[in-house]
Structures are given as structure tokens and as C-alpha cells.
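One structure below.
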Amino acid sequence: MAKFDANKESQFGLLPITRSERVYNLLDNTSINIGLTIATWCFLIGASLALFTDFWTAVWGTLAGNMLTVLVMTWMPCLSSAKYGVDGYTGAVSFMGTKGKNFILVCVAVFIACWDIVLSVLFARSVSNVVAVFMGKEAMSHAFTICMAILCMVITFLVVWKGPLVIKKFNNIVAPLMCVVIIMLAIILTVKIGWGNIAQAEPLTPYDSKWVNFLIAVELSFGAGLSWWPEMGGLSRLCKSGKAAYWPNLFGLVIAATVATSIGTAACLTIGSEDPTVWMLKLAGIGLGVLALCFIAVANITSCSTITYTMCLGLKGLKVLQKKSWGSIVGVFCAVVAVALICGADWIYDHFYIMLGVTCVFYVPMTAIAVVDYFILRKQNLELRSLLNQTNTSKYYFWGGVNWVALIIFIAAALFYLVFFNPATLVYHTPFIYCTASLGAGIPCAIVYFIVMKLFVVKSGKGGYVTLNQ
């Protein structure tokens, strides 16, 4: 019989990671946050904001959106995962139930697959543009670009298969390189265009109201900030302390993200291209532009690897996959993304802004429910054995393995979001101008969840709340 390796099982499977087994300190997690954040998707987010806002409006909207969502959203997955050594999906058992958490898992898997597609296309276009320059061509063939996108997922598979230590080493190299790229682009924008011209540049397709344009920038930034939820639990369980799990988010997901997004906005406003693999060559020229694209191609691999690792870790929690090897789970997930790339991923890439809006529809109610449940109803106390117990003896079994109160309120809040804003068309409705859609749906969701759970569920003894609140 093969020797049981607890460290390997905890990093690639469901076992909680003890503090002695954890591999990330505050600096490591900060590097990973920065490396994950300032990959090319921040430039895409910046380009999306340029449709509605001028430069400074985009900066303040991004900072406000990231600050509000990241610092609140990461409370539950970061602090609970660091405390108990479990991933965010396992932690979700406490408020969704042993089977209800699969609803979150499946929905997030779709989001992560879409993010992987976007990053793979960015990698492919970066490589294609670099190769085209060296070959003296205007552009490489579509078939070549698709092959490069698939290559990105192949490399991602190899990195994720090796696990978090390899991801750590990649990010410790990539994060400084991407910081260099950001500084280089900022200098080139200063010299070639000038920040005075950038500040005066008009948005591309704004609404008539400047206030509405600002709120849309905030709302899309909410989506960008909330989309980090799947990574937070998987990374935080590897951190040696709650401080190492939580505070790097401020430097990476808030500050670094705002800076990188602002660069994307400035470039789009002045150059007129939303695609960073195009405007970098126009802005920086052949030499520096090719260098920047090379760095970005590598950064997209590290970002793909990080989000894929946390996703596959969650999939490992599905009952049908618990006995499957780590390599097979990662391989199947990467293969699904590769098939999607072959079938055609350009629509997802070209409609990136829709992903940001749809992200809010899903993550806003989940964040509201998770924060209220963990901090107010459970007072930051979970029972580890029940989190891992999928039978009806678990305290988190609720009704048939599902917390139906949470699920119904979750769905109702998601539908209520549409009263304020349609993420598919970016059309807002009158209530949106008073509180944005995320706040308008999220705050009532939190209040209703607290009241209903306190009045009916906690008193019934379901969910293990009574013992914790006596």
C-alpha cells in the first residue's frame, strides 16, 4: 500500500491544512495577489470602463468598487479558510448545506471556465502578435492563435498538476515583472501622450448623465472585485495566518488592480483600441511592446493556473469526484476549456464587460448571505467535522442537505438585481441611480436573510446555530 502523505492530500484534496503544513506567508500571498490581479484582464476591465467614463472617473470608480467589494467579500472565505484550513467551497457548506454548496460550485465552474477562456485568448493573441512581428507579417492565422490558446491550457494543466508550490514560484517571478510592465507603460503614456491629454479624453460611448456613467464604472468594478471569491478560499487555506490571508487583498486586489485598470482605461481612451495585445504595440513600439506582450503572456499562464487550481480543488469536493486523482480532475477541466476554445471563444472575449455584470448577479447575494451567516449568526465559529461530513448526521445538512432559506433568498436577490440593472445590455433602471444594483440587491438580501434565519432556522435547531448562539 502506498504511504499516506497528509501534506499532499491537504494541498490536492479535501483534508484541512494544519498551520505547520501551510506554505504561504504574507509576502508570498501578496506576490500571488499582485501577479493574479495585474494580468491582462485588468487592462480589459479598464477598456470596458472607457466606454462610459473619462480617466479620473474610471480611477475613482474602480477604487471605490474594488475597495467596497474586496474588503467585504473576502471576510468570510479568507478568514474562515485561514482559521480552519479548508477551501471556500467547503466553507460554503455552513450556509448552503452539504448538497446546496454544489449549486455554488457548478455556477462558479462556469465563471472560471469563461475566465480561463479570456486569459487563454489573451495569451494566444500576445504570442501571435509577437510571432507576427518577428516573421514580418501583419497577423498570424486564426488557426495559429487557437493553437496558442490551447497551448496556454496545456501549460496551465502542467502547473496546476504540480500544485501550489509551483504556482508560488511562478508568481514570485511574474509579480515583479508585471510591476515593471505597469511602470513602463505609465512612463510611455506620460512621454508619448501626456496625462493632461489623457485626463481630457472623452469616453467612447457614454450615457448622458455623468453620475450614471460613474455608477456603471463602480458597478463593473464591483463585478471585478467579487469575481475573486473562488480564489480566496483556496489560497487562504495555504496561508500561515489570517493576516497573511486577508491583508494582501488590499495591496493586490484593490491597489494593484486599480493601477492596472487605470492604465487600460488611459490607453483605450487615447489609442481607441480595447484589445491590450493591439494597443501595447501601438503605444510602446516594436521593441518594448513585444517585451511587454511576452511578460503578459507568462502572467496569463500564472493567472490561469491560480484560478484553475482553486476551481479543481472545489470540484474535488463533489462526491462523484472524490476518488478521482488530482491529475484527472485538472485534466478534464482544462480539456473542457480547450474544447470551448476550439469551438469559438471570440464572443466571450469580445463581450467581456457582460461577464463583469453577470458576476454581480451571482456573487452579490452569495457574499451577503455568507458574511451574515459567518460573522453574525455563527460568530466566526464552524464545526470542521460537519463541514467535511456529507451525510445526514452533519450539522449543516439542513433539509435534505440544502439550506432552502439561503437558496431561495439567493435566487430572489439575483432576480431583484435585474430591477436595477441589466448586465447583458448594460441598461440601467431608475432605482440604479440611487444605490447601484449591487448595493440595492445586496443590502436587502443580507437583512432578509438575517431576519428569516434568526426567526425560523436558528430556533428550529437546524444548521447547528443553536449550540453556537447559546
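Side chains are part of it too, since the values below use all heavy atoms of this structure and drop only hydrogens, waters and symmetry mates.
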- Task: Please tell me if the side chains of T74 and W228 come closer than 4.5 Å, counting only heavy atoms from C-beta onward.
- Result: no
- Task: Compare all side-chain heavy atoms of L185 with those of M280 and state whether any distance is below 4.5 angstrom.
- Result: yes
- Query: Taking atom CD1 of I408 and atom CG of N403, what is their separation to the nearest 0.5 Å?
  - Reply: 9.0 Å
- Query: Looking just at side-chain N and O atoms, do D87 and T90 make a donor-acceptor pair shorter than 3.5 Å?
  - Reply: yes
- Message: Run the side chain to side chain contact (heavy atoms under 4.5 Å, CB included) test against V131 and tell me which residues pass, sequence neighbours left out.
- Response: V127, M135, M140, F144
- Item | Residue list, ring pair (Phe, Tyr, Trp, His ring centres under 6.0 Å) with F375, at least two apart or on another chain | W75
- Closest heavy-atom pair and its distance - V181, A292: CG1-CB, 4.3 Å
- Item | Least distance between heavy atoms, V361 atom then P423 atom | CG2-CG, 3.8 Å
- Query: How many angstroms lie between atom OG of S386 and atom OH of Y397, to the nearest 0.5 angstrom?
  - Reply: 13.0 Å
- Taking atom CG of L220 and atom CG of L49, what is their separation to the nearest 0.5 Å? 6.0 Å
- Message: Using modelled atom types and a 3.5 Å cut-off, is there a donor and acceptor pairing between side-chain atoms of E219 and backbone atoms of S438?
- Response: yes
- Side-chain donor-acceptor pair under 3.5 Å between T393 and T391, yes or no? yes
- Who passes side chain to side chain contact (heavy atoms under 4.5 Å, CB included) against S236, sequence neighbours left out? C78, S81, A245
Below 3.5 Å, can you tabulate the donor-acceptor pairs from side chains in residues 95-124 to any protein atom, sequence neighbours excluded?
| from | atom 1 | to | atom 2 | distance (Å) |
| --- | --- | --- | --- | --- |
| D116 | OD1 | T308 | OG1 | 3.4 |
| D116 | OD2 | T308 | OG1 | 2.9 |
| S120 | OG | D116 | O | 2.8 |

- Query: Residues in ring pair (Phe, Tyr, Trp, His ring centres under 6.0 Å) with W247, at least two apart?
  - Reply: none
- Item | Spatial distance of atom OG1 (T265) from atom CD (E274) [nearest 0.5 Å] | 11.0 Å
- Message: Checking the side chain of K316 only, and the main-chain atoms of K324 only, is there a donor and an acceptor separated by less than 3.5 Å?
- Response: yes
- Query: Considering all heavy atoms of both residues, which atom of A244 and which atom of S241 are nearest to each other, and what is their separation?
  - Reply: N-OG, 3.1 Å
- Which atom of P276 lies closest to which atom of F43, heavy atoms considered: CB-CB, 3.9 Å
- Message: Quick check: F410 with W404 (ring centres under 6.0 Å apart)?
- Response: no
- Contacts of type side-chain hydrogen bond (donor to acceptor under 3.5 Å, both in side chains), residue T30, not counting sequence neighbours: none
- Note on the structure: Residue set satisfying ring pair (Phe, Tyr, Trp, His ring centres under 6.0 Å) with Y417, at least two apart, ordered chain then number -> none
- Message: Would the distance check show the side chain of N29 and the main-chain N or O of L26 forming a donor-acceptor pair, the cut-off being under 3.5 Å?
- Response: no
- Rounded to the nearest 0.5 Å, what separation is found between the CH2 atom of W326 and the CG atom of L315? 8.5 Å
- Task: Write down the atom of A437, the atom of F421, and the distance for their closest heavy-atom approach.
- Result: CB-CB, 3.6 Å
- Task: Apply side chain to side chain contact (heavy atoms under 4.5 Å, CB included) to F333 and I329, showing your working.
- Result: CA-CA 6 Å; F333 184 80; I329 293 174; 5.7 Å; no
- Item | Check: S221 side chain, A217 main-chain N or O, donor-acceptor pair, under 3.5 Å | yes
- Item | Side-chain (T277) to main-chain (S126) donor-acceptor, under 3.5 angstrom | no
- Go through the steps to decide whether Y363 and M366 satisfy the test side chain to side chain contact (heavy atoms under 4.5 Å, CB included), and finish with yes or no. CA-CA 5 Å; Y363 285 112; M366 187 187 69; 3.3 Å; yes
- Sorted by chain and number, sequence neighbours left out, side-chain hydrogen bond (donor to acceptor under 3.5 Å, both in side chains) with D373 holds for R378, Y449, Y465
- Task: List the steps and the verdict of side chain to side chain contact (heavy atoms under 4.5 Å, CB included) for W279 and D275.
- Result: CA-CA 6 Å; W279 62 251; D275 192 336; 5.6 Å; no
- Task: Give the minimum heavy-atom separation between T69 and G225, together with the two atoms involved.
- Result: OG1-CA, 3.6 Å
- Residue set satisfying side-chain hydrogen bond (donor to acceptor under 3.5 Å, both in side chains) with T367, at least two apart, ordered chain then number -> none
- Message: Once side chain to side chain contact (heavy atoms under 4.5 Å, CB included) is applied, do any residues pair with I411, and if so which ones, sequence neighbours excluded?
- Response: L407, L415
- Nearest 0.5 Å please: distance from the OG atom of S305 over to the CZ atom of F157. 11.5 Å
- Message: Pair T145, S128 - check side chain to side chain donor-acceptor pair (under 3.5 Å), show working.
- Response: CA-CA 6 Å; T145 304; S128 295; 3.2 Å; yes
- Determine whether the aromatic ring centres of Y309 and W161 lie less than 6.0 Å apart. no
- Message: Can you list everything that forms a side-chain hydrogen bond (donor to acceptor under 3.5 Å, both in side chains) with S325? Sequence neighbours excluded, please.
- Response: S328
- Query: Is it true that the side chains of S80 and Q380 contain a donor and an acceptor less than 3.5 Å apart?
  - Reply: no
- Side-chain heavy-atom pair N25, D28 within 4.5 angstrom cut-off: yes
- ring pair (Phe, Tyr, Trp, His ring centres under 6.0 Å) partners for F398, two or more places apart: none
- Task: Take M76 and S94 through the side chain to side chain contact (heavy atoms under 4.5 Å, CB included) test and state the conclusion after the steps.
- Result: CA-CA 11 Å; M76 198 276 177; S94 63; 3.9 Å; yes
